[in-house]
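Data block below; observations after.
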2 protein chains.
Amino acid sequence: MVKKKNISIKEIAKLADVSVATVSRVINNNGRFSDKTKEKVETIIKEYGYTANIAAKSLRTSKSKTIGLIVPNIDNEWFSQLALDIENYFFKHNYSVFICNTSQNEEKEVAYFKSLDSKLVDGIICISGIETIPSDSLTRDIPIVCIDRKPKDHSNAYYVESNHYLGGYLATEELIQQGCKNIAIVSRNKSLSVNKQRLMGYRQALKDYQLQENKQLELLLDIEQANYEGAKEAINQLIKNNIPFDGVFATNDWRAYGVLVGLLENNVKVPDEVKIIGFDDIFISASSHPSLSTIKQNIPALTKTACSLLLDLMNDIAINDEKKQFILPVEVIRRDSTS
Amino acid sequence: MVKKKNISIKEIAKLADVSVATVSRVINNNGRFSDKTKEKVETIIKEYGYTANIAAKSLRTSKSKTIGLIVPNIDNEWFSQLALDIENYFFKHNYSVFICNTSQNEEKEVAYFKSLDSKLVDGIICISGIETIPSDSLTRDIPIVCIDRKPKDHSNAYYVESNHYLGGYLATEELIQQGCKNIAIVSRNKSLSVNKQRLMGYRQALKDYQLQENKQLELLLDIEQANYEGAKEAINQLIKNNIPFDGVFATNDWRAYGVLVGLLENNVKVPDEVKIIGFDDIFISASSHPSLSTIKQNIPALTKTACSLLLDLMNDIAINDEKKQFILPVEVIRRDSTS
DNA sequence: GTGAAAGCGCTAACAA
DNA sequence: TTGTTAGCGCTTTCAC
């Protein structure tokens with residue numbers, strides 16, 4: 001494969017019979033050049049298919065037009081949808097994004113922060129994960145925006161999330177309004193802020209509607225169990241133990257789906273005998289049979305808020321520093337599993 | 001947030017009372033320095049938390065320790081699993097990966113190639129998509145490895161894929177062996193090489209088992225329809241039109257799941273009345289109710305082959321140039337939908 | 001409106 | 001074993 005050697009600004013300058021400074025000004029539209037020069041330079045750039053060497057540019061400006069995206073697992077529809085949306089946003093604004101999978105591993109997260117730092121990323125978006133951001137692994141003062149991850153107080157990171165508390169409340173309320181009296185919750189036990197808040201919402205709804213809290217119905221799973229399989233297993237256990245329940249709030253859709261399949265396998269009718277509601281509104285909730293009611297997080301709003309915030313911060317556009325957190329509304333999606 | 005300014009090699013040199021060249025040698029372990037010097041330098045590096053400026057390094061070496069990953073849609077479990085695996089592999093080898101979502105958009109793909117080029121990526125992995133790689137958007141001669149995307153003959157890209165033809169054959173054979181006589185195929189009409197091959201395998205199996213080919217049972221959907229919804233719709237149509245069938249080969253698992261739900265909604269019993277088999281073995285196939293038989297592609301083998309190949313190419317390790325393509329075996333996973 | 005030149009942080013050729 | 005230095009491609013200050 002014969003390649004045209006990558007042409008540099010110097011060569012453009014020679015070809016256009018101007019100085020490199022002028023070429024640079026034209027490219028970056030920094031003014032102080034004549035229309036004639038502009039045209040001459042741009043013609044040659046087009047002709048030779050010149051593209052800037054980003055390494056040189058970064059070195060010079062300490063900016064890279066690149067951001068880092070820290071994500072627990074891209075192989076999870078919820079996260080991959082966010083990632084896709086974020087990537088699209090920044091593509092439009094001429095940024096590239098490094099996607100960094102931490103696999104929930106703190107060491108890997110630290111390693112990534114260091115790597116992103118040395119690659120001169122202009123900003124970082126952190127999705128979910130632990131509260132403590134390893135920002136001391138950073139040597140430069142770049143903005144950080146968190147999604148669904150409430151940073152420790154002393155951190156200067158911004159964050160945006162859905163109203164998980166309200167979501168938990170609304171989910172539970174939906175079950176109550178559909179007639180459920182014994183409502184189980186299937187969630188994760190780790191004090192990840194989002195799950196905690198959803199649990200709080202659940203408890204508050206029970207209280208408000210004068211339903212008895214029952215610790216036996218709080219199925220809080222370990223991290224390795226907090227998935228489809230684990231939820232299915234937990235529901236099986238509940239049935240085996242003869243603990244009566246007529247509604248289940250699963251704090252994400254995969255767990256809700258696990259609950260559904262667990263019930264179907266035990267020949268429990270959904271929604272007639274037991275109603276189910278999930279959280280997130282990922283694809284499986286709409287497509288399962290019967291379909292699953294859920295709490296919809298507004299992904300476009302979530303990513304738009306986070307991305308434009310980061311963009312502003314990177315470009316030093318004044319942000320009201322008082323407002324470091326953004327809580328977005330959620331919405332009940334009623335489907336077959338609660339009808 | 002007070003940040004320690006990023007320290008440079010020059011300052012390390014001053015602190016260690018050696019030259020920058022020596023520091024560079026120590027860092028890159030290029031020999032020609034004493035143990036004493038090494039220790040002195042490394043102490044200071046650790047003490048000051050020095051990390052190399054990758055932009056400078058890239059500029060100097062024309063290498064970036066970064067690869068590009070071109071993927072149609074990261075928000076698709078199949079692709080995100082591949083992406084995750086690839087990312088993990090390269091993380092271990094100290095490479096970062098730019099994930100580039102083309103959304104099946106050729107213009108975006110070209111834009112990404114240019115961007116990756118100017119970011120000096122050392123190599124590119126392309127997953128799926130059209131045959132023509134826009135390698136003329138590249139100014140440097142970097143290696144390209146394709147997964148599930150057979151590059152045009154004149155390209156010098158390598159490629160690795162599963163044996164899709166065999167997969168189509170085995171899927172159809174499984175249905176035949178389970179007693180199906182009228183086997184429909186639900187696939188995508190575009191001549192994407194993988195779908196085409198799966199279709200060929202299907203036709204060959206019918207022929208080998210002396211079953212009549214029936215064009216009415218070849219449901220080849222447009223790109224926007226070639227998903228869960230479209231497959232469900234297509235099966236509804238088939239039922240409405242009273243075209244008899246007792247087996248369905250869907251060329252991916254989401255379509256298989258669409259077929260399943262479509263049948264359930266029409267009160268058709270699976271697998272008693274109609275058997276189904278999918279392709280890919282993504283999560284939904286194992287977790288649906290009833291679970292779906294499928295053709296499993298070996299993701300670890302696929303990514304391992306592609307990644308180590310790319311790594312070798314990037315490091316100029318001799319590759320047998322005759323062998324530019326790698327075809328990996330697939331496997332039937334029998335579950336409830338064909339039992 | 002334009003050009004000369006310094007310098008971002010690093011590697012590597014060459015000299016010692 | 002170590003140091004000096006040029007230069008990767010770019011932006012930006014300063015002079016004209």
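Below, chains carry the letters A, B, ... as their sequence lines are ordered, and counting in each starts from 1.
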From C-beta outward on [X], which listed nucleotide comes closest to its side chain: [options]?
| X | options | value |
| --- | --- | --- |
| B:Thr37 | D:dC10, D:dT2, C:dG3 | D:dT2 |
| A:Ala56 | D:dC10, D:dT1, C:dG1 | D:dC10 |
| A:Ala21 | D:dG3, C:dG3, D:dC8 | C:dG3 |
| A:Ser19 | D:dT11, C:dA4, D:dC14 | C:dA4 |
| A:Arg32 | D:dT2, D:dC14, D:dT5 | D:dC14 |
| B:Val18 | D:dG3, C:dG3, D:dG9 | D:dG3 |

Counting N and O atoms only, with roles assigned by atom type, does the side chain of A:Asp117 sit under 3.5 Å from a partner on the main chain of A:Thr139, one being a donor and the other an acceptor? yes
Can you tell me how far [atom2] of [N] sits from [atom1] of [X], to the nearest Å?
| X | N | atom1 | atom2 | result |
| --- | --- | --- | --- | --- |
| B:Ile54 | C:dC8 | CD1 | P | 18 Å |
| B:Lys65 | C:dG9 | NZ | P | 22 Å |
| A:Arg60 | C:dG7 | CZ | P | 10 Å |
| B:Asn30 | C:dC10 | CG | P | 15 Å |
| A:Leu59 | C:dC10 | CG | P | 9 Å |
| A:Ile27 | D:dC10 | CD1 | P | 7 Å |
| B:Lys36 | D:dT1 | NZ | P | 12 Å |
| B:Asn53 | C:dG7 | CG | C1' | 13 Å |

Between A:Phe326 and A:Tyr158, ring centroids under 6.0 Å: no
Tell me whether the side-chain N or O atoms of B:Arg25 pair up with the base of D:dG3 as donor and acceptor below 3.5 Å, since no angle test is needed here. yes
Quick one: label B:Ser34 by what it contacts on the DNA or RNA (base, sugar-phosphate, nothing), any heavy atom closer than 4.0 Å. sugar-phosphate
What contact category does A:Ala52 fall into here, base, sugar-phosphate, or nothing, at under 4.0 angstrom with non-hydrogen atoms? sugar-phosphate
Would you say [N] has OP1 or OP2 under 4.0 Å from some side-chain N or O of [X]?
| X | N | result |
| --- | --- | --- |
| A:Ser24 | D:dT11 | yes |
| A:Thr22 | C:dT2 | no |
| A:Asn28 | D:dT11 | yes |
| B:Lys57 | C:dG9 | no |

Of B:Val71, B:Ile86, B:Ile70, B:Thr305, which is the lone residue that meets side-chain contact (heavy atoms from CB on, under 4.5 Å) with B:Ile147? B:Ile86
Regarding A:Lys108 and the six-membered ring of B:Phe91, is the cationic atom NZ or CZ under 6.0 Å from the ring centre and inside 45° of its axis? yes
Does a salt bridge link A:Arg149 with A:Glu109, judged by any charged N lying under 4.0 Å from a carboxylate O? yes
Quick one: pull up CG in B:Leu69 and CD1 in B:Ile67 and give me the separation to the nearest 0.5 Å. 6.0 Å
Nearest-nucleotide wise, let me know which of A:Thr61 and B:Ser62 is further upstream toward the 5' end of DNA chain D. B:Ser62
